There are 2 protein chains.
Amino acid sequence: MGLFSKKKSISVQTIRRLPQYLRVLYDWHGYGRELASSTELAQETQVLPIVIKKDLQAIGAPSKMRAGFKIKGTITAIENFLGWDNLNKAFLVGAGHLGAALLGFSGFKNHGLEIVAAFDTHPERVGNEIHGVHVYHTAQLKSVIEEKKLKIAVLTVPGPAAQGITDTLVACGIKAIWNFAPVKLAVPPDVAVQQEDIASGLAELCAQLKSK
Amino acid sequence: MGLFSKKKSISVQTIRRLPQYLRVLYDWHGYGRELASSTELAQETQVLPIVIKKDLQAIGAPSKMRAGFKIKGTITAIENFLGWDNLNKAFLVGAGHLGAALLGFSGFKNHGLEIVAAFDTHPERVGNEIHGVHVYHTAQLKSVIEEKKLKIAVLTVPGPAAQGITDTLVACGIKAIWNFAPVKLAVPPDVAVQQEDIASGLAELCAQLKSK
DNA sequence: GAGATGTAGATATTTTTATATCCATATGAT
DNA sequence: ATCATATGGATATAAAAATATCTACATCTC
């Protein structure tokens with residue numbers, strides 16, 4: 001019954017819906033609106049009102065009875081919960097097609113992520129810039145990570161190379177890896193890994209298609 | 001109690017794990033192995049053995065008591081369940097960074113998807129080829145879809161354009177849309193939409209990071 | 001051949017997540 | 001002032017998913 005006993009664990013599903021709410025709330029905030037009800041958010045996001053209500057309650061978003069949630073305060077609550085209120089310095093390993101596409105995606109700055117370096121082994125990529133980000137040789141990982149104080153790794157290397165790179169990253173003290181390689185990474189328990197598998201989404205679509 | 005009454009609905013989570021099993025099974029099949037136990041698959045995929053057992057049972061994968069699941073038969077069962085045993089003709093709308101990256105991803109052919117056309121509105125893209133795929137003007141959507149008998153749409157346009165394109169696709173009779181734009185699409189109930197939101201994954205990673 | 005072992009199969013339980021229901025209340029209309 | 005109403009808040013229920021437990025059995029070892 002200590003000071004931290006009330007820290008409720010928030011469901012993964014809730015976490016995954018938060019960015020969706022955030023986008024709509026940014027939009028409305030831009031128009032000067034101050035309040036939004038779960039019903040209105042539901043129309044925009046196609047999430048059930050009650051789910052939205054519970055999600056926002058879970059992260060302690062401020063609300064006004066009968067009037068809805070305070071847009072500004074809810075934005076702050078979500079950003080704060082996700083740590084998107086200040087930028088984390090990130091880097092990308094594997095500057096192929098997908099890596100280059102991610103480097104060109106400007107939206108990350110709204111999501112707490114700033115990719116400030118890229119790494120690759122191909123001679124024709126090393127030394128160049130992609131969308132304004134310098135590409136170092138992978139051999140320089142350790143020195144650049146330390147020098148630039150990088151915190152988050154985005155992994156877009158081919159599957160067979162992923163675990164090897166990961167071992168290096170762990171050795172460099174990296175605690176967060178966003179993995180786009182179709183391989184489950186083995187890491188120590190204090191390292192966070194987020195696995196993105198494009199095939200999972202395609203499988204869902206195909207399963208839907210077969211059942212309709 | 002008709003002929004189709006036994007059709008159990010298979011969980012979304014199960015569907016999302018199937019491609020993961022498939023990759024490992026392909027690999028092992030390539031080495032000539034014939035049987036794999038759920039325990040062995042678990043080591044490779046970091047999914048609990050009992051989950052694997054239930055997933056494979058759900059899609060009717062063949063097994064041998066005491067020896068495990070038949071690799072070849074399980075591959076067939078998964079491919080068949082997902083409809084990945086024959087290619088669906090797909091097309092991509094929005095040939096920007098992400099679109100180009102997806103066009104360059106050769107793995108889709110193993111996943112029942114063959115992207116045979118791309119569409120865009122930018123003059124410098126229209127008429128060119130990207131990774132061997134011709135880029136048509138979006139105005140030609142209807143005619144090319146009909147001519148080439150395209151079935152599945154991959155949507156990689158900017159958010160504000162997504163719903164408009166979607167309405168066109170629906171009017172063209174498209175029944176499956178894989179949407180990478182950060183917008184929930186409104187479609188008739190007989191159209192399957194799979195939403196990919198890169199921000200959801202990032203949110204998960206950031207939430208993990210904060211709790212460690 | 002006898003027994004130990006690791007497996008799929010079946011069932012039961014627990015946990016998580018989604019959904020429904022009711023209540024108190026602030027707001028707006030009359 | 002009064003009343004109807006839409007809302008967040010709280011609680012209860014249902015559904016989905018994960019996890020545990022037990023059984024039967026084919027294979028291997030001795």
Side-chain angles (χ1 to χ4, degrees), chain A residues 6-18 20-21 24-25 28 33-75 77-78 184 195 200 203-204 207-208 211, chain B residues 6-18 20-21 25 28 33-74 77-78 184 195 200 203-204 207-208 211:
Chain A
K6 280 198 176 174
K7 189 180 178 184
K8 289 200 198 101
S9 78
I10 287 173
S11 94
V12 171
Q13 308 303 326
T14 295
I15 291 166
R16 294 184 64 89
R17 283 186 293 262
L18 292 179
Q20 206 179 332
Y21 305 148
V24 178
L25 293 171
W28 288 347
R33 281 186 61 177
E34 297 191 350
L35 292 166
S37 72
S38 56
T39 318
E40 292 166 313
L41 263 171
Q43 287 174 346
E44 205 69 20
T45 60
Q46 296 180 29
V47 177
L48 290 177
I50 192 160
V51 174
I52 295 176
K53 208 164 35 166
K54 285 192 63 172
D55 286 346
L56 295 184
Q57 279 174 9
I59 61 163
S63 59
K64 280 184 74 174
M65 181 62 83
R66 169 70 179 84
F69 290 88
K70 297 178 188 174
I71 290 178
K72 186 73 199 307
T74 302
I75 288 174
I78 295 176
K184 282 268 173 164
Q195 178 71 39
S200 291
E204 265 194 80
Q208 277 187 67
S211 71
Chain B
K6 280 199 176 172
K7 190 178 176 185
K8 289 201 198 98
S9 77
I10 287 174
S11 93
V12 172
Q13 308 302 328
T14 295
I15 291 166
R16 293 184 64 88
R17 283 187 293 262
L18 292 179
Q20 206 178 333
Y21 305 148
L25 293 172
W28 287 347
R33 281 187 60 180
E34 297 191 349
L35 292 165
S37 72
S38 56
T39 318
E40 293 166 312
L41 263 171
Q43 285 174 348
E44 205 69 21
T45 60
Q46 296 179 30
V47 177
L48 290 177
I50 192 157
V51 174
I52 295 176
K53 206 164 39 165
K54 284 192 62 172
D55 286 346
L56 296 184
Q57 279 174 12
I59 60 163
S63 60
K64 279 183 76 174
M65 181 62 83
R66 171 67 180 88
F69 290 87
K70 298 179 187 175
I71 290 180
K72 185 70 200 305
T74 303
I78 295 176
K184 282 269 175 164
Q195 178 71 37
S200 291
E204 264 194 82
Q208 276 187 67
S211 70

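Every value quoted in this text rests on a predicted model; they were computed, and no experiment measured them. Values reported hereafter were calculated over all heavy atoms of this structure, with side chains retained and with hydrogens, waters and symmetry mates removed. Just so we're on the same page: letters track the sequence lines, and every chain starts at 1.
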Side-chain donor/acceptor contact of B:Lys54 with base of D:dT19 under 3.5 Å: yes

Residue B:Val51, side-chain atoms from C-beta onward, closest of D:dT27, D:dT19, C:dT17: D:dT19

Point-to-point distance, once rounded to the nearest 0.5 Å, from NZ of A:Lys184 to CD of B:Gln20: 4.5 Å

Under 4.0 angstrom between B:Thr14 side-chain N/O and D:dA17 OP1 or OP2: no

Between P of C:dG3 and CZ of B:Arg66, the distance in whole Å: 18 Å

A:Val12 or A:Lys64, whichever maps to the more 5' nucleotide of DNA chain C: A:Val12

Whole-Å distance separating the CD1 atom of A:Ile59 from the C1' atom of D:dG9: 16 Å

Phosphate OP1/OP2 of C:dA18: any A:Arg17 side-chain N/O under 4.0 Å: yes

Atom-pair distance (CG on B:Leu41; P on C:dG6), nearest Å: 18 Å

Phosphate OP1/OP2 of C:dT7: any B:Ser37 side-chain N/O under 4.0 Å: yes

Value in whole Å for how far the C1' atom of D:dA6 lies from CD of A:Glu40: 11 Å

Length of the line joining A:Leu56:CG and D:dG9:P, which is rounded to integer Å: 9 Å

B:Lys72 bridged to B:Glu34 by N-O distance under 4.0 Å: no

Whether A:Ser37 side chain and A:Gly68 backbone form a donor-acceptor pair below 3.5 Å: no

Closest-nucleotide 5' rank along DNA chain C - winner of A:Ser11 and B:Ser63: B:Ser63

Value in whole Å for how far the P atom of C:dC23 lies from CE of A:Met65: 14 Å

Donor-acceptor under 3.5 Å (A:Thr45 side chain, A:Leu41 main chain): yes

Minimum-distance nucleotide (side-chain atoms of B:Gln13 versus C:dT19, D:dA18, C:dT17): D:dA18

Donor-acceptor pair, side chain of B:Thr74 and main chain of B:Lys70, under 3.5 angstrom: yes

Rounded distance (Å) that lies between atom C1' of C:dG9 and atom CD1 of B:Ile52: 16 Å

Sugar-phosphate, base or nothing in reach of A:Thr39, heavy atoms under 4.0 Å: sugar-phosphate

Interatomic distance where CD belongs to A:Glu34 and P belongs to D:dT7 [whole Å]: 18 Å

A:Ser38 vs D:dT7: side-chain N/O to OP1/OP2 distance below 4.0 Å: no

Distance below 4.0 Å between B:Lys53 side-chain N/O and D:dT19 OP1 or OP2: no

